[in-house]
Amino acid sequence: MTEIRLTNTLTRRKETFTPIDPDRVRMYVCGPTVYDRAHLGNARPVVVFDTLFRLLRQVYGPRHVVYVRNFTDVDDKIIARARESGRPIAQITAETTAWYLEDMAALGALEPTHMPRATEYIAEMVAMIETLLARGCAYVAEGHVLFDVSSDPDYGILSGRSVEDMIAGARVEIAPYKRNPMDFVLWKPSDAEQPGWDSPWGRGRPGWHIECSAMSLKLLGDCFDIHGGGNDLMFPHHENELAQSSCAHPGACFARFWLHNEMLQVEGKKMSKSLGNFFTVRDLLDQGVPGEVIRFVFLLTHYRKPMDWTRRKADEAAAALRRWRRMTEGVAPAPAPDPAVVAAVADDLNTPRALAELHRLAAEGRADVLLASARFLGLLTEALGDWARAGGADPEAAARIDRLLAERAAARKARDFARADAIRDALVAAGVIVKDTPDGAEWEVGPDFDPAGLEGVL
RNA sequence: GGCGUGGUGGCAGAGUGGUCUAAUGCCGCGGAUUGCAAAUCCGUCGUCUCGCGGGUUCGAAUCCCGCCCACGCCUCCA
């Protein structure tokens, strides 16, 4: 059986992964807060853990892997969005959830086995908070329930911080009812305007961290295999989850492997609204960047390194995918992916190496193995292939392009090269890639295609 | 201030003790093709080197120490 090695944040080392139960390999990944479209940075962990999901399914069998990714549908950001837009919360979360699934599907991400919504697990959260209170890890203060960080001698073990260090330069919220500045909210009161649920501490709503502890417990048990997310979640979110779950279930492991992906940058800089380089997955798709290309670009960088999204990489990715799609057209996939590709992914998700193996297979002309191996990575699937097939233009523009090319062919036949080249230059200027073959001209639209540029050419 | 990640050939990006004078892709270069191009295909290229300075070792890009730099997290935005 393929040996899987993964870098475990808990130990900061690459370790051999052995599931607790090979018939039921369990992974939990923190999902989105649903109040707006997912931006490109949100998509990176999705693709990273989708790749891990695919690996686990390959090694242990699709029926033996349980992957949970939650939706946070109760949160102050959502409340704020509802207030400013005047729309009901349920409408916002439902719409955003649907968008998220659409956009991630466009990246070739498989749907997790379970996608629990936080609001459906309020009872479990309340129960866990009661356990934490009973065990003396939490206290009630002014309608809030807070986790008492001092009750956990291991607090900080995941993120490598000590409570003292954190307090030193901390920018934590200083609330008067906190015993310790690092204590965090498990439950907070809601006013009449805010969503709330009845609880032993009055009508209120959960803090951010408790949902993942409660939902993972319900769906995966108190000791599961892998817990993942972006490294921005390492502290405080995951640290707090770990503290809560450990206190509620002393002696249980909670999660044995913690995996964190590095952040995404855009053209060398952090993606942020203030820098003006902030964009969503949908923005990119609407600009004509295919989801498959986005996925390929993500796979090009190891998940533990910062990934720089650049236009140039997207263009290179598109070229490689076009080539491979042409090569595998009409080819039946081999029964299994190439062992070297699986081995690369099994080695701490070394997707750059896996892509290099794909290039090797292409160079060797093994189209069927290339296809099976690429699909193992979520590439060259039928679902993601429309962009490469259709040429990418709407029917009206397509007809116009065909007409122009026919005109050009006639001009070439008449050896009126000035006219032929003028037409060609116009098409190129409009972003159409014209490809002359021995059987006549073919075309497809490039990333800068602008149908308006076709008008008035003749 | 605390914590973390990383600095590899023109670019991207693997490699983490010997098979590395460093995978793979891109770019460049040569050729095929073309009326000329583009696209495509074939071939070819990266000699004193892996941020800098020490050290360990028979041997280091790979381990240790120090330094410099970049980026990120601890902040609404992942």
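Below, chain A is the first sequence line, B the second, and so on; all start at residue 1. No hydrogens, no waters, no symmetry mates; every other heavy atom, side chains included, goes into these values.
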Using the P atoms only, state how far B/G13 lies from B/G17, rounded to an integer number of Å. 22 Å
What pattern of brackets, bars and dots sums up RNA chain B from 5' to 3', given Watson-Crick or G-U wobble pairs under 3.5 Å, [ ] for crossing pairs and | for another strand? ((((((((.[[[..)..(.....]]].(((((.......)))))......[[[[[..)....]]]]])))))))....
Please tell me which of A/Met271 and A/Met234 maps to the more 5' nucleotide of RNA chain B, matching each residue to the nucleotide holding its nearest heavy atom. A/Met234
Closest of B/A37, B/A12, B/C11 to the A/Arg312 side chain is B/C11
Closest to the A/Lys77 side chain, choosing from B/A23, B/C77, B/G13: B/C77
Nucleotide of B/G35, B/C26, B/G72 approaching A/Arg424 most closely (side-chain heavy atoms): B/G35
Roughly, in whole Å, what's the span from CG in A/Asn8 to P in B/U5? 13 Å
Tell me which nucleotide among B/C77, B/A14, B/G25 gets nearest to the side chain of A/Ser272. B/C77
Would you mind reading off the distance between A/Tyr155 atom OH and B/G2 atom C1', rounded to a whole angstrom? 14 Å
In whole angstrom, give me the gap between the P atoms of B/A14 and B/G1. 31 Å
Nucleotide B/G72, atom P - distance to CE of A/Met307 in whole Å: 14 Å
To the side chain of A/Lys270, which of B/G25, B/G6, B/G72 is closest? B/G72
What is the distance, rounded to the nearest whole Å, between atom CZ of A/Arg81 and atom C1' of B/C77? 11 Å
Given B/A14, B/G72, B/C26, which nucleotide is nearest the side-chain atoms of A/His302? B/A14
A/Arg408 has its side chain closest, among B/U5, B/C36, B/C74, to B/C36
Send over the distance from A/Asp425 CG to B/C36 C1', rounded to a whole Å. 11 Å
Please report, rounded to the nearest Å, how far the C1' atom of B/A37 is from the NZ atom of A/Lys435. 16 Å
Atom pair distance, as rounded to whole Å: CZ in A/Arg322 and C1' in B/G25: 16 Å
Value in whole Å for how far the P atom of B/C11 lies from CG of A/Asp308: 14 Å
Any idea which of B/A23, B/C41, B/U34 is nearest the A/Arg412 side chain? B/U34
Among B/U40, B/C77, B/G25, which nucleotide has an atom closest to any side-chain atom of A/Lys273? B/C77
